[in-house]
**Student:** 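I'd like to ask you about the structure that follows.
Order of the sequence lines fixes the chain letters, A, B, ..., with proteins taken first and strands second; residue numbering starts at 1 for each chain.
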Amino acid sequence: METLLPIMIGTLFATGLYFILHRHLFKVILGLILFGLATNLFLFVIGGITRGSSAIISEDQKVAAEPYADPVTQALLLTAIVIGFGIQAFAIVLIRRVYQTFKSNNLDELRKENEEHH
Amino acid sequence: MRQVLETNVVSTQVGNWPAPYGITLVADMFSVLILLSGAIIGFAVYLYSLQGLDVTRRRFGYFPLLLLLQMGVSGVCLTGDLFNLYVWFEVILICCFAMLSLGGTKGQLEGTLKYVTINFIASGLLLTGIGIMYSLYGSLNLAELAVLVRQADHPNLPLLSMASIFFLVGFGIKSGIFPLFFWLPASYHTPPISISAFIAGLITKVGMYTLIRLFTLLFVSNSDFILPLLAVLSGLTMVIGVIGAAAQTDFKKILSFHIISQIGYMLMGLAIYTPLAIAGSIFFIVHNILVKTNLFLISGVVAQRHRTFSLKRLGGVYLLQPTLALLFLLSALSLAGTPPLSGFWGKLMLARAGLEAGKFTLVAVSLCVSLITLFSMTKIWNEVFWKPRPNTYKAETTMTPVNPQRLRMIYLPIVMLLVFILFIGIYASPLIRLSERAAAGLLHIENYTETVLSNKGTEQNRHKAQAHEVTSHP
């Protein structure tokens, strides 16, 4: 698991960036989503993967039993996922709007048309 | 502000959780200065857009967005921990996205698309950097991190450098330093002027604010490696930005490229890293927020009457609107840094600090860039205000009739900003003293960390809250 996850994160980052650099708008969306996933996964792994209990303190103890998963990263992750969703949703709406206005989902044509427009 | 003047640092714990665990809000001299200038230009842009923006855009939630953006900026300036910094940046970003695409013309959509993509990547890198910092030190509170970074005997210095590079790239994209600025001129000139004035005036400087804050607070221990890098980057940013500006023939695009070269100056202060240099940077940021917004607003007034931003089509504005020409001249000269005006003091402080620190190349580059800035401002002056109106376009650029009441409303914020600019230019010593104090606060962090970590006030508040509970539930 510990070796698999970093490899997966790396692959996600790479594919995400590759898709973002693509000229088709749909693939740009895919790239944004994959990139967001990669960062979230990274944030998750950085907290340390523990195969143990959750950080719930039982009544007779003062601190949680020792091998516990760090709740802070999970809280951060939750926020980051929500924010990421928001921005991805905005990007999807924006790209749909671009498609409607330009009648094309190719970034190159978009620029050409814009230059003619000027 | 007065409270900050008295006690240097003010902090509060949201929800009364003690410092390293809860959410902290901190205000010190630096953040207060940025907040104040941000509020001033926010007010000016608000006044301007009452008359200067079309009705449809105002109906589609322009003013709420403007206020939300202002809230995001305040959040970034006041926040006391890394993750909230990220969250506030997302607040800013989503408002920027919406404002840039508001109205949905073709150019705007294309510009917004670039802006969204590049800023999404920047946020991802930022989050990665935050993750690394958390895994290294197990804390997100800026003050506690600062203490930890200084205490640790650095077994993991390479990782810290890696985190600092992540932050540098993330905020570098947001503030537009050298290799990462390409999205800025592509998207800033597309929306209507009151929107781009606010975004261009404030948002890149907020990125710069966080860079200065984090690099003085957290990444000091590896400064042998990071400061020369910053120096090179700042020199390149200045030169490339100003060359780009000199090559453009569009009023708004020249101004957009100038943002980049001015970011170079702010970075220069951080790269020299002496109290005087950082004070110079802070002065420069405050001055630049005001001047840049004012120049954008003036270009908006010109374009509103002539319906174009292209330098080739404009001309003779001096004869038609002499007041506007005067306003432009004063702002442009203070941007370029002619002596009695505000830009001069910032540059003087930076240059003196550079000479004292022995960074002669950087100072020479910055002075040359000043000259080219002056040149490109003269270019705008010549083309827009001085040269006779081009005959070929005369028919289509008939001036739109404006009633004097509306015109006065549009001039009001510009004059107001200019008064501020002239004030900090001619009567510069208070602001210089304030920014020196801010710089001292940034370099000597004991005050900052103590105020945040000692939870002053928290205990009292809790007692008060308990007392209140007791009285309210008899």
**Student:** Side chain, backbone, both or neither: which part of Leu127(B) has a non-hydrogen atom closer than 4.5 Å to chain A?
**Tutor:** both
**Student:** Please output the side-chain donor-acceptor pairs of residues 31-46 of chain A that fall under 3.5 Å, not counting sequence neighbours, one pair per line with the distance.
**Tutor:**
{"residue": "Thr39(A)", "atom": "OG1", "partner": "Phe35(A)", "partner atom": "O", "Å": "3.1"}
{"residue": "Thr39(A)", "atom": "OG1", "partner": "Gly36(A)", "partner atom": "O", "Å": "2.7"}
{"residue": "Asn40(A)", "atom": "ND2", "partner": "Gly36(A)", "partner atom": "O", "Å": "3.4"}

**Student:** What part of Ile87(A) is in contact with chain B, defined as an atom under 4.5 angstrom from a non-hydrogen atom: side chain, backbone, both or neither?
**Tutor:** both
**Student:** Please find the pair of heavy atoms, one from Leu94(A) and one from Ser101(B), that lie closest to each other, and give the distance.
**Tutor:** CD1-CB, 4.1 Å
**Student:** Name the option with the most non-hydrogen atom pairs under 4.5 Å to chain A; the candidates are Leu93(B), Asn119(B), Thr117(B), Val91(B).
**Tutor:** Thr117(B)
**Student:** So which atom in Phe120(B) and which in Gln88(A) form the shortest heavy-atom distance, rounded to 0.1 Å?
**Tutor:** CZ-NE2, 3.8 Å
**Student:** Should Phe13(A) and Thr128(B) be marked as a side-chain contact (heavy atoms from CB on, under 4.5 Å) after you check the CA-CA gap, both sets of side-chain angles, and the distance that decides it?
**Tutor:** CA-CA 11 Å; Phe13(A) 264 120; Thr128(B) 318; 4.2 Å; yes
**Student:** Are the side chains of Thr79(A) and Tyr86(B) in touch, meaning some heavy atoms are under 4.5 Å apart?
**Tutor:** no
**Student:** Does any heavy atom of chain A fall under 4.5 Å from the side chain of Phe97(B), the backbone, both, or neither of them?
**Tutor:** both
**Student:** Identify the heavy atoms of Ala91(A) and Val116(B) that sit nearest to each other, and give their distance.
**Tutor:** CB-CG1, 4.1 Å
**Student:** Is any side-chain heavy atom of Val98(A) closer than 4.5 Å to a side-chain heavy atom of Glu110(B)?
**Tutor:** no
**Student:** Between CG of Leu113(B) and CZ of Arg97(A), what distance do you get to the nearest 0.5 Å?
**Tutor:** 13.0 Å
**Student:** Indicate yes or no: at least one non-hydrogen side-chain atom of Leu76(A) is less than 4.5 angstrom from one of Leu140(B).
**Tutor:** yes
**Student:** Look at atom CZ of Phe63(B) and say whether more than 12 heavy atoms of other residues, nucleotides or ligands are closer to it than 6.0 Å.
**Tutor:** yes
**Student:** Walk me through it: do Ile94(B) and Ile83(A) pass the test side-chain contact (heavy atoms from CB on, under 4.5 Å)?
**Tutor:** CA-CA 10 Å; Ile94(B) 205 88; Ile83(A) 291 172; over 6 Å; no
**Student:** Output all residues satisfying ring pair (Phe, Tyr, Trp, His ring centres under 6.0 Å) with His24(A), sequence neighbours left out; order by chain, then residue number.
**Tutor:** none
